[in-house]
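So you know, we letter chains A, B, ... as the sequences are listed, proteins then strands, and number each from 1. Remember, predicted model here, so these are calculated numbers, not experimental data.
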Amino acid sequence: MKLGFAVKVLGREGLKSNDSRRWQNSPHLSVSLAYLRDLLVYLRETGIKMYRMSSDLAPYVTHPELTQFHGQIEECAEELAAIGQMAREQGVRLSFHPSAFVLLNAADETVAQKSIADLTAQARMLDLMGLGPEAVVVTHVGGRYGNKAESLRRFVERYRTLPEPVRRRLVLENDERSYTFGDVYAVHEQTGIRLVFDQLHELCNPTPGLTLRAALERALATWPAGQTPKIHYSTTRTAMIETADKRLQMPLLSQHADLIDPFAFIDLLRSAKGLRDFDVMLECKAKDIALLRLREHLHRLAPDLVQAWRIE
DNA sequence: CGATGTCAAGGAATC
DNA sequence: GATTCCTTGACATCG
């Protein structure tokens, strides 16, 4: 079981996740890839085995007006191959999770086309890195547009029109307000698309009639034998509220906390006993710091689970 | 040098 | 129909 974190390193100074200069200053994918190389060295040193790359790794590569950026992925084929080889050699599982503006099921055809361009670019980078089928591009169903059934149908329809290399990389995640795990499972049944089970989203937007464990088991089963599925895991944020004479912490549903609650994570692992192996992408504000802290806590609190799941 | 404004992009809830 | 939230840093410019 690999533990991973998303995009930004907080545990060490000076590591960047992408070339974020503005377009006027000509940012370039090759600069982002140099940053990514340094980041992979840090992952090697800390023993971290999973990482979500920035959606903006290739700056403006799909921007409709800034066409001067559009060739950067192909220009960087050799650098992408080198980075991919480095990740493979140290056993790091890489992925993308495009921004909230990527909506494959958009009612507006131009929004859908821009989304397809983004998905295509990210899938292409994974291909040029030479990564296996576990390196995926994660997306949500998208908007509801006042008609969920129709909007789900549109997702399936657009998914089927995607170029095969994109379809091969794309996986689907349940979200916290619109599409439950049950909804994305129905899409899986129609398309075969693999599913990323988001545990907090399932708690915030539960599937009627399905226990958490049953949902998790179904999600894992959408991945072919020989591929390790992955899930998203996070702890809900709390905020201070003021009453007449006290200040109290209360949970804010669907917002991510700084760190992972180790006891809740241990509960998840115990409830997952007997299920197939899977990887866990941690989504929390403290990023790699939260991962390292969780790993310490697990070694101290549940060394049996660390061994049984071979957590790294 | 520190403070402040700005960045490509959509959807949904609220009023 | 307009506003605000989601959520976030860090670049770039201003004083």
Side-chain angles (χ1 to χ4, degrees), chain A residues 5-29 31-32 34-36 38-39 51-70 72-73 96-122 137-152 154-155 158 173-180 183 198 200-201 204-205 232 234-239 251-259 281-290:
Chain A
F5 71 99
V7 187
K8 191 172 163 44
V9 170
L10 295 183
R12 180 170 298 178
E13 292 281 298
L15 292 176
K16 297 185 169 189
S17 41
N18 65 303
D19 186 356
S20 55
R21 290 174 297 167
R22 303 212 176 144
W23 67 265
Q24 293 88 341
N25 296 298
S26 307
H28 203 285
L29 173 59
V31 175
S32 289
Y35 294 158
L36 182 54
D38 292 341
L39 207 145
Y51 174 68
R52 177 193 300 166
M53 296 179 282
S54 166
S55 303
D56 299 319
L57 199 70
Y60 301 104
V61 78
T62 60
H63 192 291
E65 276 110 48
L66 302 178
T67 55
Q68 70 270 33
F69 290 92
H70 291 192
Q72 290 192 4
I73 290 177
F96 284 113
H97 193 353
S99 80
F101 301 113
V102 170
L103 299 152
L104 186 58
N105 78 338
D108 179 338
E109 188 64 32
T110 67
V111 172
Q113 286 308 314
K114 283 197 283 187
S115 301
I116 291 170
D118 273 5
L119 297 174
T120 303
Q122 297 190 2
V137 178
V138 182
T139 193
H140 296 284
V141 177
R144 289 195 298 262
Y145 309 100
N147 184 341
K148 260 183 76 168
E150 181 64 15
S151 299
L152 273 164
R154 206 165 43 242
F155 181 94
R158 293 241 174 78
E173 177 190 348
N174 55 310
D175 69 67
E176 74 278 27
R177 70 167 93 242
S178 297
Y179 296 98
T180 66
D183 293 328
D198 188 302
L200 183 59
H201 292 168
C204 295
N205 184 22
H232 289 174
S234 46
T235 296
T236 188
R237 183 170 198 74
T238 60
L252 297 172
L253 296 186
S254 86
Q255 291 189 38
H256 294 158
D258 294 342
L259 298 173
M281 175 60 68
L282 303 171
E283 296 183 311
C284 44
K285 300 202 167 209
K287 307 293 184 187
D288 55 317
I289 293 175

Asker: Determine the Euclidean distance between corresponding P atoms of B:dG11 and C:dG9; express it in Å to zero decimal places.
Answerer: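 Here C:dG9 and B:dG11 have their P atoms 25 Å from each other.
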Asker: In which ranges does DNA chain C form stems of 3 or more consecutive Watson-Crick or G-U pairs, distances under 3.5 Å?
Answerer: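 DNA chain C forms these stems: B:1-7 with C:9-15, B:10-15 with C:1-6.
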Asker: Do A:H232 and A:L282 have side chains that get closer than 4.5 Å, going by heavy atoms?
Answerer: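 Side chain of A:H232 against side chain of A:L282, heavy atoms only: no contact under 4.5 Å found.
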Asker: Calculate the interatomic distance between A:L57 atom CG and B:dA8 atom P; express it in whole Å.
Answerer: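 My rounded result for the distance is 17 Å.
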Asker: Round to a whole Å and report the spacing from OH of A:Y60 to P of B:dC7.
Answerer: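 One finds 10 Å between P of B:dC7 and OH of A:Y60, rounded.
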Asker: Can you check the A:K8 NZ to C:dC11 C1' distance for me, whole Å?
Answerer: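 Taking NZ of A:K8 and C1' of C:dC11, I get 13 Å after rounding.
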Asker: Which of residues 12-24 of chain A have a heavy atom under 4.0 Å from DNA chain C?
Answerer: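 Contacting residues: A:K16, A:S20, A:R21, A:R22.
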Asker: Take atom CD of A:E176 and atom P of C:dC6, then tell me their distance rounded to the nearest Å.
Answerer: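 Atom CD in A:E176 sits about 11 Å away from atom P in C:dC6.
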Asker: Could you state the atom-to-atom distance from CG of A:D258 to P of C:dT8 in whole Å?
Answerer: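 After rounding, the reported distance stands at 10 Å.
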Asker: Using a 4.0 Å cut-off on protein heavy atoms (strictly under), produce a 5'-to-3' string for nucleotides 10-15 of chain B with B for base contact, S for backbone-only sugar-phosphate contact, and - for none.
Answerer: BSSS--
Asker: Please state how far atom CG in A:D118 lies from atom C1' in B:dA9, giving the value in whole angstrom units.
Answerer: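 Rounding to the nearest Å, CG of A:D118 and C1' of B:dA9 are 9 Å apart.
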Asker: Working to the nearest 0.5 angstrom, can you tell me the gap between A:W23 CH2 and A:E65 CD?
Answerer: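 Separation between the atoms: 10.0 Å.
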Asker: Of A:T139, A:V111, A:I116, which meets side-chain contact (heavy atoms from CB on, under 4.5 Å) against A:L104?
Answerer: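 When side-chain contact (heavy atoms from CB on, under 4.5 Å) is applied between A:L104 and each of A:T139, A:V111, A:I116, only A:I116 qualifies.
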Asker: How far does the C1' atom of C:dT8 sit from the matching atom of B:dT6, given to the nearest Å?
Answerer: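 Roughly 13 Å separates the two C1' atoms.
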Asker: Would A:D183 and A:K148 satisfy salt bridge (charged side-chain N to carboxylate O under 4.0 Å, His left out), going step by step from the backbone distance to the final call?
Answerer: CA-CA 10 Å; A:D183 293 328; A:K148 260 183 76 168; 2.8 Å; yes
Asker: Using a strict threshold of under 4.0 Å (side-chain N to carboxylate O), is an ion pair present between A:E109 and A:R158?
Answerer: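 Judged by the 4.0 Å cut-off on N to carboxylate O distance, A:R158 and A:E109 do form a salt bridge.
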Asker: For C:dA12, does either OP1 or OP2 sit under 4.0 Å from a side-chain N or O belonging to A:N25?
Answerer: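 True: A:N25 side-chain N/O within range (under 4.0 Å) of C:dA12 OP1/OP2.
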Asker: OP1 or OP2 of C:dT7 less than 4.0 angstrom from a side-chain nitrogen or oxygen of A:K285, does that happen here?
Answerer: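 False: A:K285 side-chain N/O out of range (4.0 Å or more) of C:dT7 OP1/OP2.
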Asker: Can you tell me how far CZ of A:R177 sits from CG of A:N174, rounded to the nearest 0.5 angstrom?
Answerer: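 Rounded to the nearest 0.5 Å, the CG-CZ separation comes to 14.0 Å.
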